[in-house]
Number of protein chains: 2
Amino acid sequence: MPATPPTSPVSAFDRPGPRQHGVYDALRAAVLSGDMRPGEGISETRVAARFGVSRTPVREAFRRLADEGLLRIVPQVGTFVAPIQLSAVADSQFIRETLECRTVRLAAERAGEADVAALAGLMDRQRAAMASARHDDFFALDEALHAELIRIAGRPAVWDLLVTVKAQLDRVRVLSLHSEGWATMILTQHERIVDRVAARDVAGAEDAMREHLRTVFAAVDDIAQANSHFFEK
Amino acid sequence: MPATPPTSPVSAFDRPGPRQHGVYDALRAAVLSGDMRPGEGISETRVAARFGVSRTPVREAFRRLADEGLLRIVPQVGTFVAPIQLSAVADSQFIRETLECRTVRLAAERAGEADVAALAGLMDRQRAAMASARHDDFFALDEALHAELIRIAGRPAVWDLLVTVKAQLDRVRVLSLHSEGWATMILTQHERIVDRVAARDVAGAEDAMREHLRTVFAAVDDIAQANSHFFEK
DNA sequence: CATGACACACTAGTATACAAGTGTGCAAGA
DNA sequence: TCTTGCACACTTGTATACTAGTGTGTCATG
């Protein structure tokens with residue numbers, strides 16, 4: 001169980017403001033967004049100079065990112081943005097699907113009035129974000145919905161784990177072209193999930209969640225074909 | 001997805017042997033075995049002197065262990081062996097049960113003749129270990145059986161993840177008194193799991209696994225009562 | 001022109017030095 | 001005796017210096 005999720009709410013209260021966190025967050029975002037491409041080499045020295053800090057905090061950020069499978073450190077040679085391994089993406093999908101399908105069942109069992117209202121609020125905001133084409137907001141609200149469902153299930157630690165596990169999936173997602181129809185489909189699937197949870201339909205909620213997650217995953221092979229130079233194996 | 005499995009098989013002397021790995025392995029074993037007790041303070045300087053290395057590799061080991069929830073680093077104050085949090089133990093149990101119940105279903109679906117033979121071999125060795133009261137061997141074979149089932153399911157990465165997630169559970173287990181009857185019960189449950197997998201009984205295998213995992217977990221509250229000073233919350 | 005040897009720049013791993021902050025214990029005063 | 005305040009030792013965080021090893025580009029040679 002990772003004690004420090006990549007985005008830790010508690011870390012803001014940490015005594016000073018550890019410089020390493022800023023470096024870690026920036027590099028992680030750069031890798032996940034594709035700003036830094038798979039295979040690209042980075043060096044502790046250059047990153048340190050760029051952030052105006054010494055090698056030490058950069059090094060700690062590198063190690064954490066390597067542990068998450070986002071960087072590959074080759075001793076005495078260099079550090080590189082890890083290629084996207086299809087096997088790792090499939091493993092991420094498997095773990096996410098397994099955990100979220102179970103937690104959404106629990107959410108359907110446990111959801112109270114306030115929980116259903118919170119879900120409805122998130123859906124309203126999603127519709128608004130899509131209507132005004134704020135894709136970043138829509139993405140953030142997508143994450144928030146999944147996190148909220150897991151919170152309702154009473155297992156917030158599962159989301160903390162998934163944030164790390166999902167990283168490999170997220171790397172693929174940013175490569176996909178977000179067509180208008182795609183966002184509409186995601187929204188519809190979210191609506192169905194929330195609808196089944198609100199109806200306390202345990203089996204229906206699980207089915208809706210599985211279909212949703214698999215739809216997203218189904219595009220992986222196509223994306224890998226179109227971006228084969230970023231992938232390995 | 002952790003790229004580096006927490007317990008490297010024989011990382012003692014491979015190549016110029018990164019010193020941090022040795023420190024990490026030793027400290028992790030000390031925390032999980034209870035040699036270092038929850039709440040106990042350790043310092044980078046002392047550990048560095050003890051291992052004959054500088055603070056740098058020790059510091060990296062500390063950070064990884066803190067990420068796993070085994071150490072708690074308080075800036076400018078000190079580093080302490082993390083107390084055992086019942087909530088974290090319950091989360092570990094939940095995640096393990098969710099993932100292993102699904103993988104054992106897959107194992108029952110996919111197991112071939114060679115796989116069944118491998119499982120039978122592990123069971124023979126477990127019976128032998130119990131007969132001669134080699135508890136350490138029995139423990140290692142317990143781990144090996146679960147890992148093998150996940151391998152048969154075709155998801156070895158899931159085991160890599162569970163090795164980390166399980167840590168909080170393992171800390172509790174070493175506190176329990178291993179009575180003779182207990183080992184027998186574990187063995188019987190293992191036999192039932194393997195039997196159901198060999199029979200390709202998907203639902204039966206899942207039931208057997210769930211019962212097995214919950215039996216182990218059922219003792220947690222009693223253990224927490226008897227060792228309340230090691231626990232938090 | 002092709003090829004091979006070698007110097008060099010660059011990498012991460014490790015050691016050490018310095019900075020900022022915390023808790024404790026002792027001493028001084030009431 | 002009790003309280004208060006301060007000095008000090010010790011902690012982790014950060015910066016810098018040094019080590020060992022690798023890849024590459026260049027220059028000399030056939």
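Chain naming here is simple, since letters A, B, ... match the order of the sequence lines and numbering starts at 1 in each.
Across the protein-nucleic acid pair, Arg63(B) atom CZ and dT11(D) atom C1' stand 16 Å apart, rounded to whole Å. At whole-Å resolution of the value, OH in Tyr24(B) and P in dG13(C) are 17 Å apart. Regarding Phe80(B), its CZ atom lies at a distance of 10 Å from the C1' atom of dT22(C), rounded to whole Å. We find that CD of Glu60(A) is positioned 15 Å from P of dA12(C), with the value rounded to whole Å. Rounded to whole Å, atom P of dT12(D) lies 14 Å from atom CG of Leu65(B). Put simply, CD on Glu44(B) is 9 Å from C1' on dG13(D), counting in whole angstrom units. Atoms CD (Gln76(B)) and C1' (dT12(D)) sit 5 Å apart, rounded to a whole Å. Taking atom CD1 on Ile73(B) and atom C1' on dG21(C), their separation rounds to 16 Å, with Å as the unit.
With salt bridges taken as basic N to acidic carboxylate O contacts below 4.0 Å, none links Glu60(B) and Arg63(B). With respect to the salt-bridge test (charged N to carboxylate O, under 4.0 angstrom), the residues Asp170(A) and Arg173(A) qualify.
Dashed line: the shortest gap from a side-chain N or O of Ser54(A) to OP1 or OP2 of dA15(D) is under 4.0 Å. One finds no side-chain N or O of Arg59(B) lying less than 4.0 angstrom from the OP1 or OP2 phosphate oxygen of dT12(D). For Ser43(B), a side-chain nitrogen or oxygen approaches OP1 or OP2 of dT11(D) to under 4.0 Å. Checking the phosphate oxygens (OP1, OP2) of dA12(C), no side-chain nitrogen or oxygen of Arg55(A) falls inside 4.0 Å.
For the pair Arg72(B) and Phe80(B), the NZ or CZ position fails the cation-pi test of under 6.0 Å to the six-membered ring centre and within 45 degrees of the ring normal.
Remark: the Thr98(B) side chain and the Arg102(A) side chain contain an N/O donor-acceptor pair separated by less than 3.5 Å.
Taking every side-chain heavy atom of Pro75(B) into account, dT12(D) is the closest of dT12(D), dG13(C), dA15(C). The side chain of Val53(A) has dA15(D) as its nearest neighbour among dA12(C), dA15(D), dT11(D).
Ring geometry for His146(B) against His190(B) counts as perpendicular: the plane angle is over 60°, on a 0 to 90° scale with 30° as the lower cut.
Each of Thr56(B) and Arg46(B) was assigned the nucleotide of DNA chain D with the nearest heavy atom; the assignment lying further toward the 5' end belongs to Arg46(B).
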